[in-house]
Asker: 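Please see the structure below; I have some questions.
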Protein chains: 2
Amino acid sequence: MPRWKPDAVDRLQAAALDLFDEQGFERTTVAEIAQRAELTQRTFFNHFPDKREVLFGMSSQLQQEIVSEIEAADHDLPPLDAVLGALEVVADKLLESRRDVVVRRYAVIAANPELQERELGKNAVLTEAIAAVLTARGCDPATAFLAAGAAMLAQQAAFQRWTRPGETRTLRDLLPDAVRALRTTVDRAS
Amino acid sequence: MPRWKPDAVDRLQAAALDLFDEQGFERTTVAEIAQRAELTQRTFFNHFPDKREVLFGMSSQLQQEIVSEIEAADHDLPPLDAVLGALEVVADKLLESRRDVVVRRYAVIAANPELQERELGKNAVLTEAIAAVLTARGCDPATAFLAAGAAMLAQQAAFQRWTRPGETRTLRDLLPDAVRALRTTVDRAS
DNA sequence: TATGGTGATTGCACAAGCTGAAATCACACT
DNA sequence: AGTGTGATTTCAGCTTGTGCAATCACCATA
């Protein structure tokens with residue numbers, strides 16, 4: 001008999017998502033999450049630096065994949081295309097298959113300002129990471145930041161569509177449409 | 001003799017900015033801020049819903065001005081131009097004159113992840129507000145979101161330049177350059 | 001001048017988030 | 001058998017944030 005039940009982190013993440021979904025983020029205490037996972041509050045904080053972070057276990061992996069994908073891309077591609085290609089691959093590889101969990105998680109985040117701020121923070125870090133890779137590829141920093149930001153903006157627009165109930169297209173297919181719409185909007189100005 | 005010294009909010013904001021600047025956000029307690037402003041911790045929380053918010057007194061006014069400016073803009077302007085025009089006016093009216101304070105505040109925010117998240121949250125709320133005004137002007141919601149996001153992206157790029165030491169141009173003048181760079185980046189993709 | 005309402009401030013008690021330090025003890029390795 | 005590792009736990013404590021009741025100068029009105 002093992003000393004402890006395995007997969008403590010997974011149990012905490014699952015318990016947290018369930019509880020946030022059932023009763024909301026604010027009405028759920030860390031002690032409650034730990035209890036449902038058959039652990040203590042202190043153990044929760046051994047695995048996650050704060051209460052919000054339990055919902056963002058995926059984002060580090062996501063960022064790694066995207067960065068790798070950009071690094072592997074053809075060096076002649078314009079920066080925005082390199083980023084968009086990476087986002088498409090990752091959408092297929094990591095998001096599309098787990099659509100229900102992703103949507104459920106997104107609903108929880110959308111219901112709470114604190115979680116939205118954390119999500120924005122993760123997106124900002126990802127944007128900076130993307131810009132850094134582009135800069136390493138020879139892009140000048142200002143252009144790299146704009147390309148990364150534009151790609152993330154299109155991604156956000158596509159994601160919003162993708163999470164709408166009744167939407168049947170894949171995230172990967174929605175992204176190019178969002179990019180076209182962005183280009184149209186930007187070109188129509190000035 | 002008045003019962004209390006006047007301008008409690010101003011004193012709290014000033015004390016907070018000074019302390020955050022001197023010793024960092026995390027190392028500063030709310031009790032400390034209140035003490036320097038000759039008030040109590042409880043009074044701090046009467047004026048600000050949380051510790052971070054003391055740095056963001058300006059953002060509500062900023063948002064109001066931008067929204068008003070867009071509402072007042074010519075209805076025939078493309079959405080992005082309407083937003084950019086508003087950002088330029090507000091840059092001149094509210095930011096350029098207080099450049100030193102703005103830069104100091106920005107340095108404090110840049111030094112702390114919690115504050116960055118709050119800043120991102122404020123920007124997101126502003127983006128949504130802009131998109132809402134554009135939608136009210138007849139724009140479809142998806143386009144409104146992209147126009148608002150693109151304008152904020154350019155604004156961010158221009159702001160980063162503006163806060164660089166040695167930069168002499170005004171924020172208003174830097175914005176069109178950022179927009180041109182964004183357009184170039186977006187157009188270069190396929 | 002008297003009177004009573006207003007409202008910013010305060011003290012107190014308490015929930016919840018988060019942390020450092022020390023103790024526990026199955027498991028693996030020797 | 002003996003020892004070290006490391007995930008977990010307990011505990012004590014600090015900080016953030018909130019609800020509630022009390023204070024008391026100021027002000028409008030009689």
Side-chain angles (χ1 to χ4, degrees), chain A residues 1-57 108-109 111-119 121-122, chain B residues 1-57 108-109 111-119 121-122:
Chain A
M1 185 161 50
R3 181 163 189 194
W4 297 291
K5 296 180 65 170
D7 304 315
V9 169
D10 292 340
R11 270 152 53 216
L12 286 168
Q13 286 171 332
L17 182 56
D18 287 345
L19 283 167
F20 294 165
D21 201 356
E22 291 168 15
Q23 40 182 322
F25 177 79
E26 298 170 82
R27 296 186 184 286
T28 305
T29 69
V30 172
E32 215 171 344
I33 300 170
Q35 192 177 5
R36 183 171 291 203
E38 293 172 280
L39 293 166
T40 64
Q41 190 194 44
R42 191 62 183 86
T43 301
F44 178 98
F45 286 114
N46 284 342
H47 291 289
F48 305 102
D50 63 59
K51 184 183 168 188
R52 308 177 207 173
E53 201 64 18
V54 70
L55 272 181
F56 295 86
V108 168
I109 292 174
N112 183 273
E114 287 183 60
L115 291 173
Q116 291 173 50
E117 285 188 355
R118 176 56 52 85
E119 165 107 323
K122 296 288 186 189
Chain B
M1 188 159 49
R3 181 164 187 193
W4 296 292
K5 296 180 65 171
D7 305 313
V9 170
D10 293 341
R11 270 152 51 214
L12 286 168
Q13 287 170 332
L17 182 56
D18 287 345
L19 283 167
F20 295 165
D21 201 357
E22 292 168 15
Q23 41 181 328
F25 177 79
E26 300 168 82
R27 295 187 184 284
T28 305
T29 69
V30 173
E32 215 171 343
I33 300 169
Q35 191 176 7
R36 182 171 294 203
E38 292 172 281
L39 293 166
T40 64
Q41 189 193 50
R42 191 62 186 85
T43 302
F44 179 97
F45 286 114
N46 284 343
H47 291 289
F48 305 101
D50 63 59
K51 184 182 168 188
R52 308 178 209 174
E53 201 63 18
V54 69
L55 272 181
F56 294 86
V108 169
I109 292 174
N112 182 273
E114 287 184 60
L115 291 173
Q116 290 173 51
E117 286 188 356
R118 175 57 51 86
E119 167 107 322
K122 296 289 185 187

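In what follows, chains are A, B, ... by sequence order, proteins preceding strands, each numbered from 1.
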Asker: In whole Å, I'd like the distance from the CG atom of B:Leu39 to the P atom of C:dA8.
Answerer: 13 Å
Asker: Using a 6.0 Å distance limit plus a 45 degree cone around the ring axis, check whether A:Lys51 lies over the aromatic ring of A:Phe25.
Answerer: yes
Asker: Tell me the interatomic distance from B:Gln35, atom CD, to C:dT10, atom P, rounded to whole angstroms.
Answerer: 12 Å
Asker: Quick check on D:dT8: is either OP1 or OP2 less than 4.0 Å from any side-chain nitrogen or oxygen of A:Thr40?
Answerer: no
Asker: Please name all residues satisfying side chain to side chain donor-acceptor pair (under 3.5 Å) with A:Thr43, sequence neighbours left out, ordered by chain then number.
Answerer: A:Thr40
Asker: Going by salt bridge (charged side-chain N to carboxylate O under 4.0 Å, His left out), name the residues that satisfy it together with A:Arg52, two or more places apart in sequence or in a different chain.
Answerer: A:Glu114, B:Glu117
Asker: Please name all residues satisfying ring pair (Phe, Tyr, Trp, His ring centres under 6.0 Å) with A:Phe48, sequence neighbours left out, ordered by chain then number.
Answerer: A:Phe44
Asker: Sequence neighbours left out, what passes side chain to side chain donor-acceptor pair (under 3.5 Å) with A:Gln35? Give chain and number order.
Answerer: none
Asker: Going by salt bridge (Lys or Arg N to Asp or Glu O under 4.0 Å), name the pairs with one or both residues in residues 23-35 of chain A, residues two or more places apart or in two chains.
Answerer: none
Asker: Atom pairs under 3.5 Å, N or O on each side, protein against nucleotides 16-18 of chain C: can you list them with distances?
Answerer:
unit_1, atom_1, unit_2, atom_2, d
C:dG17, OP1, A:Lys51, NZ, 3.1
C:dG17, OP2, A:Val30, N, 3.3
C:dC18, OP2, A:Lys51, N, 2.7

Asker: Donor-acceptor pairs under 3.5 angstrom involving side-chain atoms of residues 13-21 of chain A: please list them, not counting sequence neighbours.
Answerer:
unit_1, atom_1, unit_2, atom_2, d
A:Asp18, OD1, A:Arg104, NH2, 2.5
A:Asp21, OD2, A:Arg104, NE, 2.6

Asker: Looking at CG of A:Asp50 and CZ of A:Phe45, how far apart are the two atoms once the value is rounded to the nearest 0.5 Å?
Answerer: 7.5 Å
Asker: In residues 5-21 of chain A, which ones come under 4.0 Å of DNA chain C, going by heavy atoms?
Answerer: none
Asker: Rounded to whole Å, how long is the line connecting atom CG of A:Asn46 with atom P of C:dA21?
Answerer: 14 Å
Asker: Tell me whether the side-chain N/O atoms of A:His47 come closer than 4.0 Å to OP1 or OP2 in D:dA7.
Answerer: no
Asker: Rounded to whole angstrom units, what separation is found between the CZ atom of B:Arg27 and the C1' atom of C:dT19?
Answerer: 14 Å
Asker: Which residues satisfy the side chain to side chain contact (heavy atoms under 4.5 Å, CB included) test with B:Ala34, sequence neighbours excluded?
Answerer: none
Asker: Where the side chain of A:Arg42 is concerned, which of C:dT19, D:dG19, C:dT9 is the nearest nucleotide?
Answerer: C:dT19
Asker: Can you list everything that forms a side chain to side chain donor-acceptor pair (under 3.5 Å) with B:Asn46? Sequence neighbours excluded, please.
Answerer: B:Arg42
Asker: Using the test side chain to side chain donor-acceptor pair (under 3.5 Å), find all partners of A:Glu53 that sit at least two apart in sequence or belong to another chain.
Answerer: A:Arg118, A:Lys122
Asker: Can you pull every protein N or O that's under 3.5 Å from an N or O on nucleotides 21-23 of chain D?
Answerer:
unit_1, atom_1, unit_2, atom_2, d
D:dT23, O2, B:Arg3, NH2, 3.3

